[in-house]
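Report on the structure given below.
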Amino acid sequence: MKAMRMTLSAAQSQSWFRAPSILPGFGLTMGVTIFWLGFIVLIPLGALLFKSASLGWTEFWEIAFSSRTLGALKLSFGTAFAAAMVNAVMGLLLAFVLVRYQFIGKRIIDAAIDLPFALPTAVAGIALATLYGPNGWIGSLLAPLGIKVAYTPLGITIALIFIGLPFVVRTVQPVLEEVEVELEEAAATLGANRFQTITKVILPTVLPALLTGFALALARGVGEYGSVIFIAGNIPYVSEIAPLLIVIRLEEFDVPAATVVAATMLMISFSILLLINLIQTISRRRFGRG
Amino acid sequence: MDNPTHYDGHPGAKLRRGSLQESRLVTGLLIGTALIFLALLLFLPLIIVFTEALREGWGRFFEAWGEADAIAAMKLTVLVAAISVPLNMVFGVCAAWAIAKFEFKGKSLLTTLIDLPFSVSPVISGLIYILLFGAQGLLGPWLHRHGIEIIFAVPGIVLATIFVTFPFVARELIPLMQEQGTEEEEAAISLGAGGWQSFWLVTLPNIKWGLLYGVLLCNARAMGEFGAVSVVSGHIRGLTNTLPLHVEILYNEYNFMAAFAIASLLALLALVTLGLKTALEWRHGAELAANKTH
């Protein structure tokens, strides 16, 4: 820390911006980075801001609070939240099983967790729609029980569980691997039973990571399009997600409406991410790493 | 360390199995639940892609692939990946060099901004380019006057693909190069090597597996991207249709067999990517970034 402050103060005498280094290439690589970031990410996202700002408040709110937009947003955030909850529970269980137990085929199972990252979303979409459709392998089993999956919010939730699973497993797994067994031994010698050790020693340690995984799965779920539209059936007010509403507005050449839905979606997503970040900082202060 | 049986032999720790490990019944239940959940959620969709693709036999399968539109879609997908992946690779190496090897103000902000595309919906990733380059967009009229087509044409598809795959390489390389530090490059420079020489001979050999890992994931996403590309492509068959978009068109035309035939190749690409990625993790785990998260 002290050394860093010294380099920083040394840097200030030379350049207010960066610490001195004998390595070359800072100007070139920084220039390429800033140019590419600006050209690909910042200017286009700025266009979204500019376009929404140029609409004016009344028009913005009128579209944002129309019942169809509200319905789509509620559905997107609701299903993404439900899916992220399921993923938090199942992802924690999977991470625990993969870290703590030995069983046949474990390495393959571990590798397969990333399948949703690698599989193109459209492929996942048509596979899930076929599987859970009324004539599909799972859909036909559930139909006699009166459970309809395809073309309902339940179907959307299942697609989002598929998409979000790796986020939770991959954030919790490395933290769980590092949980100090000494702590568990200490708890056990002090008379805690296994259930108490898990809920009072292991769980608090992985909680910040679990929250990160939950937030990542939620953010991905809210914006997800490809894997959802096939199983959703896309009925307005029932199973029409917000990203699809953007596409529909664009197909109607109603660019302002598409922009408003997109801007509202981004605002809500970023607020949620910020809120979760805040909760995380607090829980990290209380329980340690994440 | 993480082998639970280790504690049984631990001196002084004569605790019953129940206090340091779950009972056999609970262990079995947990593993069973995990396996059934994964079978239903991950493996069944994968199996159905291949069974549906081959439902009407290999003949029909190859027929679906022999169609001119399918071949055009395949060519476009390869072209888009061949442009966007190298560009993001160069960007990723530059960003990682600047961020990992130097100390400067605003570094964490820069890192956050690089990650930004991951938290933007694919559909919005396409929309922003329409707002910029589309007919009603900020630069639309100017582009139209000069006869430059970006939206509903290949450049738009490439831009949207670059956006969604933007962070992959940088994200893999930054933590890896931070971990490796600057000593080796500093030694090379002080021994008289030039900047490029020390990059090619010192840095690149150190990061090659991490770079390959990032490029692999970047390519898988570039070839499989659907939402962002769908918004900017205009779905012109044979011209602006990538493979994932072609899958959608066939599916919506109730040509399920052909849709799954095309999809099965994309699924195969995903499996190959997963296989290579896993092999890299097993063989060169130490030379990849410390974190396994994406």
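Chain identifiers are assigned alphabetically (A, B, ...) following the order of the sequence lines, protein sequences preceding nucleic acid strands; residue numbering begins at 1 within each chain.
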With only heavy atoms counted, which part of [X] is less than 4.5 Å from chain B, the side chain, the backbone, both or neither?
{"X": "I108(A)", "answer": "neither"}
{"X": "L244(A)", "answer": "neither"}
{"X": "F103(A)", "answer": "side chain"}
{"X": "L28(A)", "answer": "side chain"}
{"X": "V97(A)", "answer": "side chain"}
{"X": "F35(A)", "answer": "neither"}
{"X": "T121(A)", "answer": "both"}
{"X": "L93(A)", "answer": "side chain"}
{"X": "T259(A)", "answer": "both"}
{"X": "L250(A)", "answer": "side chain"}

Can you tell me which of [options] forms the most heavy-atom pairs within a distance under 4.5 Å of chain B?
{"options": "V222(A), L115(A), V32(A), V261(A)", "answer": "L115(A)"}
{"options": "L45(A), V247(A), L128(A)", "answer": "L45(A)"}
{"options": "W137(A), F253(A), F270(A), F39(A)", "answer": "W137(A)"}

Any sub-3.5 Å donor-acceptor pair from K101(B)'s side-chain atoms to G181(B)'s backbone N or O?
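Side chain of K101(B) to backbone of G181(B): a pair is present.
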side-chain hydrogen bond (donor to acceptor under 3.5 Å, both in side chains) partners of residues 36-50 of chain A, not counting sequence neighbours, each pair once
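Output for this query lists W36(A)-N88(B).
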Take R170(A) and D114(A), measure what side chain to side chain contact (heavy atoms under 4.5 Å, CB included) needs, and give me the verdict at the end.
CA-CA 9 Å; R170(A) 292 303 186 225; D114(A) 282 331; 3.2 Å; yes
Test the R221(B)-F168(B) pair against the cation-pi criterion, namely NZ or CZ under 6.0 angstrom from the six-membered ring centroid and within 45° of the ring axis.
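No, a cation-pi geometry is absent between R221(B) and F168(B).
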Within 6.0 Å of CD1 in I104(A), more than 12 heavy atoms from elsewhere:
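Check fails, neighbour count at 12 or below.
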At a heavy-atom distance under 4.5 Å, which candidate from [options] has the highest pair count against chain A?
{"options": "T33(B), L110(B), V90(B), L271(B)", "value": "L110(B)"}
{"options": "V49(B), L113(B), V247(B)", "value": "L113(B)"}
{"options": "F199(B), F43(B), Y251(B), Y129(B)", "value": "Y251(B)"}
{"options": "A96(B), A188(B), A98(B)", "value": "A98(B)"}

Please evaluate residues F133(B) and F152(B) with respect to the criterion ring-ring contact (aromatic ring centres under 6.0 Å, His included), reporting the C-alpha separation (whole Å), side-chain torsions for both, the decisive distance (0.1 Å), and the verdict.
CA-CA 10 Å; F133(B) 302 120; F152(B) 304 149; over 10 Å; no
Can a donor-acceptor pair be found between the side chains of T203(B) and E185(B) at a distance below 3.5 Å?
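E185(B) and T203(B) do have a side-chain donor-acceptor pair below 3.5 Å.
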pair L165(A)-F117(A): side-chain heavy atoms closer than 4.5 Å
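Of all side-chain heavy-atom pairs linking F117(A) with L165(A), none is under 4.5 Å.
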Verify side chain to side chain contact (heavy atoms under 4.5 Å, CB included) between T278(B) and W282(B), making sure each step is shown before the conclusion.
CA-CA 6 Å; T278(B) 311; W282(B) 290 354; 3.5 Å; yes
May I ask you to decide if the ring planes of F230(A) and F226(B) are parallel, tilted or perpendicular, using 30° and 60° as cut-offs?
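Taking F226(B) first and then F230(A), their aromatic rings sit tilted (interplane angle of 30° to 60°).
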Just to verify, what does D115(B) make a side-chain hydrogen bond (donor to acceptor under 3.5 Å, both in side chains) with, not counting sequence neighbours?
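Result, side-chain hydrogen bond (donor to acceptor under 3.5 Å, both in side chains) vs D115(B): R171(B).
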